[in-house]
**Q** 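Could you have a look at this structure, given as structure tokens, before my questions?
Letters go in sequence order (proteins before strands), and every chain restarts at 1.
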There are 2 protein chains.
Amino acid sequence: MTKIQIKHFELLFNLMLMGAKDNYVKIKTADLAAKLGKSQQAASIYLITLEREGLIERQSSRDGTVVKITQSGLDQLVTVYLLLRNELEESPTSIVLEGSLFSGMGEGAYYMSLPGYKEQFLKKIGFEPFPGTLNLKIDLRHIMEREKLEQYKHLGIKIEGFSDGTRTYGALWCFHCLIESIRGAVVLIERTHYDISVIEVISPVNFRKELNLKDGDNIKLTIFI
Amino acid sequence: MTKIQIKHFELLFNLMLMGAKDNYVKIKTADLAAKLGKSQQAASIYLITLEREGLIERQSSRDGTVVKITQSGLDQLVTVYLLLRNELEESPTSIVLEGSLFSGMGEGAYYMSLPGYKEQFLKKIGFEPFPGTLNLKIDLRHIMEREKLEQYKHLGIKIEGFSDGTRTYGALWCFHCLIESIRGAVVLIERTHYDISVIEVISPVNFRKELNLKDGDNIKLTIFI
DNA sequence: ATTACTAGTAATCGAGTAA
DNA sequence: TTTACTCGATTACTAGTAA
């Protein structure tokens, strides 16, 4: 098993610049190698490795390789982007919360799976939520930060409400976030009278599985305004 | 001479997250190693190499290492940030111009060296301009793009005008840019009746030397709105 | 403590090449 | 053309350790 040496980011970054973010693009391993300052053979191995790790889709043939960055690969790029933005932009733009994981009734998962919401998530936030949300009970010592987030709510990415003929579903506001370095988004609702100490988070992947979490575990959440 | 293997970016990125962007921070090579998934000894070598390449300042002792990212190191991070932002943000935000390099009268250099401008550049754009600007004569086939940039002018970073008692100096608008992958900023002035086919660029480093340029050379400019 | 040297080892790299 | 395999050469990495 070949372990990749140049870390994934640099490779994904270059593939992005070659246009592999939204579309399948045809590239030559030799061109990629030139950008990385490595041999054609090395680039070939890197691509194979990235594919095995699920970060790209790849179809190689005798006259080139067609690649596209997967959702999971895109998440890596976004994670780096958010952290850079937070450090490099004028106004520091993150709120850090801690809380403990708990199981909801599954309503979150239900709402998130509605096409009316789901399609907007994909378009505006950049991923389709894993069916199942993460409920976090915010520690009392972070409650002030939680209040601050509530004030910023309407600066977030707006997910429009909709009606399915039977009932109406309210608008949501979202912020990108990282949960222990995994990409996600916090989801805030309009209702004013609900328990502010609870916060709901969505993600393109199964948090619980990915991070091996169970109810009661303490989680650190970095929210980007 | 040990060539660094993990590319510089990942290391700089981690140092940034450890707080080494604006301040000297005390770290342990073992902690850094843990973040990179390498041995303490490897981290030690990386830091030494980065220092040799001028990307960090470093002072090590028997009870830790004090590091700070240099301007040059920061430029690397900003470059990656701008390219990521351009690809990942909703509205695509770059204008690509091409043109040929020519020598001005040196007035650009003079203006840029005035404290009234210089200090704002450092604060608002993030670097102190190398004394000497780059004058670019935009190709006719890119003149539409140049017009577009002019329309966006007031969306740029504003550098306030000032007076030194003798005369007044007008406000400027700047945009981050990359010149053949080197960080810089285009500088636009308010005057409406001047030759729009000429554009002026500043940078933290000596472009001409860095890229080995001479008058008449063709240059590609990526401007971030 | 900690950093960073030396020396040996393990992993990566690239030339040659087959398909 | 191109990709990607084998294998010998190179180099990055780690363990041990001195300061």
**Q** Checking all strands, does B/Ile27 fall into the base, sugar-phosphate, or nothing category for heavy-atom contacts under 4.0 angstrom?
**A** sugar-phosphate
**Q** Using the salt bridge (charged side-chain N to carboxylate O under 4.0 Å, His left out) criterion, which residues pair with A/Lys214? Sequence neighbours excluded.
**A** A/Asp217
**Q** With A/Glu119, which residues qualify under side chain to side chain contact (heavy atoms under 4.5 Å, CB included), at least two apart?
**A** A/Pro115
**Q** Is the phosphate of D/dC13 approached by B/Tyr46 (side-chain N or O, under 4.0 Å from OP1 or OP2)?
**A**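 True: B/Tyr46 side-chain N/O within range (under 4.0 Å) of D/dC13 OP1/OP2.
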**Q** Below the 4.0 Å mark, does C/dT3 have OP1 or OP2 next to a side-chain nitrogen or oxygen of B/Ser44?
**A** no
**Q** Would you tell me if any nitrogen or oxygen in the side chain of A/Thr29 comes within less than 4.0 Å of OP1 or OP2 on D/dT3?
**A**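 So the side-chain polar atoms of A/Thr29 do come within 4.0 Å of the phosphate oxygens OP1 or OP2 of D/dT3, strictly under.
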**Q** What salt bridge (Lys or Arg N to Asp or Glu O under 4.0 Å) pairs are there with at least one residue in residues 20-34 of chain A, not counting sequence neighbours?
**A**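 Only A/Lys26-A/Asp63 qualify under salt bridge (Lys or Arg N to Asp or Glu O under 4.0 Å).
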**Q** Taking ring pair (Phe, Tyr, Trp, His ring centres under 6.0 Å) as the cut-off, I'd like each qualifying pair that reaches into residues 53-100 of chain B, sequence neighbours left out, listed once.
**A**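 Listed once each, the pairs are A/Tyr81-B/Tyr81.
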**Q** Checking A/Tyr117 now: which residues fulfil ring pair (Phe, Tyr, Trp, His ring centres under 6.0 Å) with it, not counting sequence neighbours?
**A**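 If we apply the ring pair (Phe, Tyr, Trp, His ring centres under 6.0 Å) test to A/Tyr117, skipping adjacent residues, the hits are A/Phe162.
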**Q** List for me each residue that meets ring pair (Phe, Tyr, Trp, His ring centres under 6.0 Å) alongside A/Phe13, sequence neighbours excluded, and say none if there are none.
**A** A/Phe9
**Q** Which stems does DNA chain C form, counting runs of 3 or more consecutive Watson-Crick or G-U wobble pairs with both distances under 3.5 Å?
**A**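 Stem list for DNA chain C: C:2-19 with D:2-19.
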**Q** Going 5' to 3' along nucleotides 14-19 of chain C, which nucleotides have protein heavy atoms under 4.0 Å from the base (write B), which only from the sugar-phosphate (write S), and which from neither (write -)?
**A** BBB--B
**Q** Side chains of residues 132-142 of chain B: which donor-acceptor pairs under 3.5 Å do they make with residues two or more places apart or in other chains?
**A**
from	atom 1	to	atom 2	distance (Å)
B/Thr133	OG1	B/Glu200	OE2	2.9
B/Lys137	NZ	B/Ser197	OG	2.8
B/Asp139	OD2	B/Arg141	NH2	3.3

